[in-house]
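Side-chain atoms are counted along with the backbone in the values below, which use heavy atoms only and exclude waters and symmetry mates. A note on names: the letters A, B, ... follow the listed sequences, proteins ahead of strands, and every chain is numbered from 1. As the structure is a prediction and not an experimental result, all values here were calculated from the model.
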Number of protein chains: 2
Amino acid sequence: MAQSNLRREQIYGVAGALFSKRGYHATSVRDIAKQLNIQGGSLYAHIASKEDVLWEIIQRAASEFLGGVAPIASYGLPASERLRLMIRAHVEIVTHHLDDATVFFHEWRFLSTERERIVASQRDRYEACFRKVIEDGIRAGEFREVDAKLAALMTLSSVNMVYQWYKPDGPLSAEQVADGYTDLIINGLSAADTGGNP
Amino acid sequence: MAQSNLRREQIYGVAGALFSKRGYHATSVRDIAKQLNIQGGSLYAHIASKEDVLWEIIQRAASEFLGGVAPIASYGLPASERLRLMIRAHVEIVTHHLDDATVFFHEWRFLSTERERIVASQRDRYEACFRKVIEDGIRAGEFREVDAKLAALMTLSSVNMVYQWYKPDGPLSAEQVADGYTDLIINGLSAADTGGNP
DNA sequence: CGCTTCACCTAACAAGCGTTAGTTTTAGTG
DNA sequence: CACTAAAACTAACGCTTGTTAGGTGAAGCG
C-alpha cells in the first residue's frame, strides 16, 4: 500500500510525457520508473496497473474539457459569442495541457472496453455541445443553414488537432490560435453576401 | 527469398487493417500471420521486417496524397476552385483508403528516425500546397487577408480527421463530406460583408 | 527423372513485457 | 531508543515480442 500523492502525481506527469511522445504501448513501466530514478516494480507501491495510469491521465483531460468548455454552451449569449468562448477555452486547455491532451486524443483506444465506452460517451456529449450551439445560431439567424453535425465535426477537428503542431515556444500564442480559428470558423458559418452590421 | 507479389499484397492489406484498428505496437507479426492462416515466422519469406511493412503502407498513403492532390494546386484555375478540388480529392482518398490513411496519420511516429524525417518532409510539402493556394486566393482578392498558415492548418486538420469518424456505410457519402467542408472552409476564407459577385 | 525454387513449417533465440512476493532501507513518532 | 509504516529494493514469474535457422513438401522445368 502507499499513500504519497506526491509520488503518484510525479508518476502521472512522467507517464503523460512518455505516453505522449512514444505512445502507450511503446512505453514500459520500467521507462516510467527510470525517469523517477526508481525500479520498475517500485511503481506498484503507488499504482495498481499501467492501464490505470493511462485511465487517470485520460480522465483528467476529459474533465478539463467537459468541465471547462461544455458549460459555456449554456450561457445566455449569442451563439457566435458562445462558440467563440468555447473555441478559446478548448484551445487553451490543449495548449496548456499538451501532454495530457495528446494522450487523450491518441491513446484512448488502449483502454479496456468498458473504459473506452465511457470515453466515447464523454466525447459524444462534448460534440453535442458544439452541435447545439451551432444549431442555436442557425435558428437565431446568426448562422447559415449548414449541416450542424458536419460543422461541429469540422470545428472540433480543427481545435483538437492543435496538439499535433502547437509548440509552446513557437511563434503563435494559444490566444492567437484561438482568435484565428474563431474568425475562420464563425465567418464560415455566417452568411456570405448579406452583410451583418452595416 | 520470395517473390510472390500476391502474398506480399495480402500482407500489406491485413497489416493495414490491423495497424489501423489496434495500432502498430499492439499488433504482432503473429497476429498478421494468423489472418493469413500461416505461422508468424513464415511472413519473413515475404518481408524483411515488421517496420518495413509499416513503411510500405505509409508510403503508399503518402503517394496517394502527394500524387493525387498536390498537382491540383498548380492548375490554372481560381484559387477557390483549386481548393475545392483539393479538398474533394483529399476526402476521397481518406474515405477510399481508410485503413492506410489511418495508419499514415496515426502510426508514423513508430518509423525509424530517418524514415520519420522523410514523412515529415512529405507532410510539409503537402501542407505548403494548401498554404500556397490560400495565399494565391488572398493575393487575387478571392479570400480575405487571413493568416494563410493557420488557414491551411485548419483545412488540413478538418479533412485529415475525417478518418476518425467516417463510416463507409454511414449516412454521408465522401462527396457530401467534401462538399460540406468545402462550403464551410471557402466561405470562412471569403469576405463576409463585401458581397462577391453583385 | 533429377534439380531447383518457392512457400511454408517447427523450434528456438534473446530480449522485453506487466506484475508480484518478499526483503531491506528510510523516515517519522511515541 | 524502539516501533511503525512508507517506499524503495531484488528477483523472479509466465508470457509475448521480432526474428532466424534449418527442414519439408509441392510445383515447375530441363
Quiz item: Which residues satisfy the salt bridge (charged side-chain N to carboxylate O under 4.0 Å, His left out) test with A:D183, sequence neighbours excluded?
Solution: B:R144
Self-check item: Spacing of B:F110 atom CZ relative to D:dT17 atom P, expressed in whole Å
Solution: 16 Å
Quiz item: Going by heavy atoms closer than 4.0 Å, what residues in residues 29-39 of chain A are next to DNA chain D?
Solution: A:R30, A:N37, A:I38, A:Q39
Exercise. Might you confirm whether atom NZ of A:K149 has over 12 heavy atoms from other residues, nucleotides or ligands at distances under 6.0 Å?
Key: no
Quiz prompt | Partners meeting side chain to side chain contact (heavy atoms under 4.5 Å, CB included) with B:Q122 (sequence neighbours left out) | solution = B:Q59, B:A62, B:L66, B:I118, B:V119, B:R125
Quiz item: Are B:K34 and B:D31 close enough for a salt bridge, meaning some N to O gap below 4.0 Å?
Solution: no
Quiz prompt | Contact under 4.0 Å: A:Y44 side-chain N or O vs C:dT20 OP1/OP2 | solution = no
Practice problem: Would you list the pairs meeting salt bridge (Lys or Arg N to Asp or Glu O under 4.0 Å) in which at least one residue belongs to residues 159-178 of chain A, sequence neighbours left out? | Solution: A:R88-A:E175
Practice problem: Take the protein atom CH2 of A:W55 and the nucleotide atom P of C:dG18, then report the distance between them rounded to whole Å. | Solution: 20 Å
Quiz item: So does B:H46 get a side-chain nitrogen or oxygen closer than 4.0 Å to the phosphate oxygens (OP1/OP2) of C:dC8?
Solution: yes
Exercise. Whole angstrom is fine here: how far is it from NE2 in A:H25 over to C1' in D:dT16?
Key: 12 Å
Exercise. Rounded off to whole Å, could you give me the CG-to-C1' distance for the A:L6 and D:dA8 pair?
Key: 15 Å
Quiz item: With sequence neighbours left out, what residues match B:H97 under ring pair (Phe, Tyr, Trp, His ring centres under 6.0 Å)?
Solution: none
Quiz item: Think A:R7 has a side-chain N or O under 4.0 angstrom from the OP1 or OP2 of D:dA8?
Solution: yes
Quiz prompt | Between P of C:dT19 and CD of A:E51, the distance in whole Å | solution = 9 Å
Practice problem: For A:A15, check side chain to side chain contact (heavy atoms under 4.5 Å, CB included) against everything at least two apart and list the hits. | Solution: A:F19, A:I32, A:V53, A:I57
Exercise. Looking only at side-chain atoms of B:S49, point me to the closest of C:dT19, D:dA8, D:dT19.
Key: D:dT19
Exercise. Give the rounded distance in Å between these two atoms: CG of A:L54 and C1' of C:dG18.
Key: 14 Å
Practice problem: Just jot down the side chain to side chain contact (heavy atoms under 4.5 Å, CB included) partners of B:S112, sequence neighbours excluded, or say none. | Solution: B:E51, B:E114, B:R115
Exercise. Calculate the interatomic distance between B:K50 atom NZ and D:dG18 atom P; express it in whole Å.
Key: 4 Å
Quiz item: Over how many whole Å does the gap from B:L43 atom CG to D:dA21 atom P extend?
Solution: 17 Å
Practice problem: Using side chain to side chain contact (heavy atoms under 4.5 Å, CB included) as the criterion, list what pairs up with B:S63, not counting sequence neighbours. | Solution: none
Quiz item: What string of B, S and - do you get for nucleotides 23-28 of chain C 5' to 3' if you count protein non-hydrogen atoms under 4.0 Å?
Solution: ------
Quiz prompt | Phosphate contact (C:dC9 OP1 or OP2) by B:S42 side-chain N/O below 4.0 Å | solution = yes
